[in-house]
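Single-structure report; data block below.
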Amino acid sequence: MPDVFADLVGQDEAVGTLRRAAAAAAAVLRAAAVPPTTDAVGDGLDAPAEESDDGQPTAAVNAGAGMTHAWIFTGPPGSGRSVAARAFAAALQCAYGTGCGGCPGCHTTMGGTHADVRMVVPDGLSIGVNEMRALVLRAASTPAGGRWQVVVIEDADRLTEAAGNALLKAIEEPPPRTVFLLCAPSTHPDDISVTIRSRCRVVPLRQPAPDAVAEMLVRRDGCAPDLARWAAAAAQGHVGRARRLARDPEARRRREAVLAVPRRLTGVGAAFDAASALIEAAEAEADAAVAETDAAERSSLETALGAGGTGRGATGAIRGAAGQLKDLEKRQKSRATRAQRDALDRALVDLAGFYRDALTMALRAPVAPVHTDTAALAGAGAQKWDAEGSLRRLEAVLECRAAIEANVKPRIAVEAMMLSLWKG
Ligand SMILES: [Zn+2]
C-alpha cells in the first residue's frame, strides 16, 4: 500500500519536513492523552516539549518539534501544492501518525470525506469573507475524530482582504487542535499578506525534474518509458499535465492543436477562429481533468453515507446525506470553473514556449527548445520574424495571461492576442 506522500514527485525535502511534522503532531496527541502524573516529555518528540510552569508538557502544538498550527505550501502550478496539503492532512488524521495510506483516517481524508478536514476550493475567483468566517468558526470546534481540525485553503492567494483578516485572527490565536494549510504560488506580498506569512511555516515545493515525473508515470501509471519521458518534458514540470499527456490521446491532440496556432494565423478571420478553438480546447481539457476526481469523490461519499445502513444513526445520516451531496456538487462546479481557467493558462504557457523557442533560435542562444516536436516550425518562425518579431509575439502571449489574471474576459483577451500574433 503506497503511503499518502507517494504522489508528491521530486519533493523529497518537503516530504521529509511533513513526515517529521506528522510524527511530532502524533506525539503531541499522545502526550495530551497521558495522565498528568506521568512524565511524558520526550515521548516520541524529536526535541523536548516546552514545559509549562508545573513541569508538565503543554498540549500546545507549537511546543512539539516540527509541528505548528499554520503552514503555507508554495510552488509553481502543477508542482503539487494541494496534493502536498491533502497528504499532510491525511498524515495528521492517520491512526499511526505516518500517513500510512491504509487506515480510515488516511482513506477518508484522501477521498475528501473526513469529518475534520475541510478543503476550501475558491468559489469562482476569490474567497470571500463570509465563507472564511464560517470556516474559521467550524475550525474552532473539537475534532470529531479526536485528532485535529484541518482546514486546507487552496489558492490562498485568492483570499479577499477581508477574508484574509478573518483568517489572520484565527491563525494569531489558534484553537489548540486546529491546523491551517494554505496553498499559494509564492510568499510574495501579492500572493499572501505579510502578516499571515509571518505566522506560518513555509513548505516550498520545487518544479519537479522531468526525470522524476517520468519515473512516476512509469511506476504509478504503467506508462511506456519513452512516452513518459516525452510527456514529462512537454509538460514543463506540471505533474498533472504530464500525466494527462501520457495517458490521454485526446490531451495530446489538444496540445498539438495549440501548437498549430502559429501556422494557422493567416488573416483576421483565422485569428478569431483560432481564439474560439483555443477557448473550446481549454473547456474540453478542464472537463476531462475534473471528471475522474469528481466521480471518485462522489462514489467515496456515497459509500461513506451508505455505510450507516441500519440502526439508530441511520435516519440522521439520510437527513444529512442530501446536504453533503449538494455541498460536493457545489465544490465540484467551482472546481470546474477554475479548471477551465487553468487549462487555458496552460495552453498559453505552451504557446509562449513556442514563441520563446523562436526567440532563442533567432538569437542563436545555446538553450534546448521547450517543444522538441515543433522546433522546426519555431525555427522557420525565427527566420521570418527575426528576434524582434518573435519577442513581440511572446509578449502578446504573456500580456494575454496577465489580462486574464486581471479579470479581462478570456475570450476578449485571447482574441486580442491572436490578432497581435497574426499582425506581429
Ligand atoms: Zn493512516
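For ligands, and for the atoms within them, numbers begin at 1 and follow the listed sequence.
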Contacts of A22 meeting side-chain contact (heavy atoms from CB on, under 4.5 Å) (sequence neighbours excluded), chain-then-number -> F88, A91

Note to self: Given R241, which partner from the list D350, D342, D248, D345 fulfils the salt bridge (charged side-chain N to carboxylate O under 4.0 Å, His left out) test?
What the structure shows: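 One option only clears the test, and that one is D350.
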
Residues passing the salt bridge (charged side-chain N to carboxylate O under 4.0 Å, His left out) test with E405, sequence neighbours excluded, are none

Using the salt bridge (charged side-chain N to carboxylate O under 4.0 Å, His left out) criterion, which residues pair with R252? Sequence neighbours excluded.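 Per chain and number, R252 pairs via salt bridge (charged side-chain N to carboxylate O under 4.0 Å, His left out) with no residue.
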
In short, A184 meets I192 closest at the heavy-atom pair CB-CD1, 4.4 Å

So, leaving waters aside, the tally of protein N/O/S atoms less than 2.8 Å from the Zn ion (ligand 1) stands at 4

Verdict with supporting geometry, V179 and T68, side chain to side chain contact (heavy atoms under 4.5 Å, CB included): CA-CA 8 Å; V179 182; T68 187; over 6 Å; no

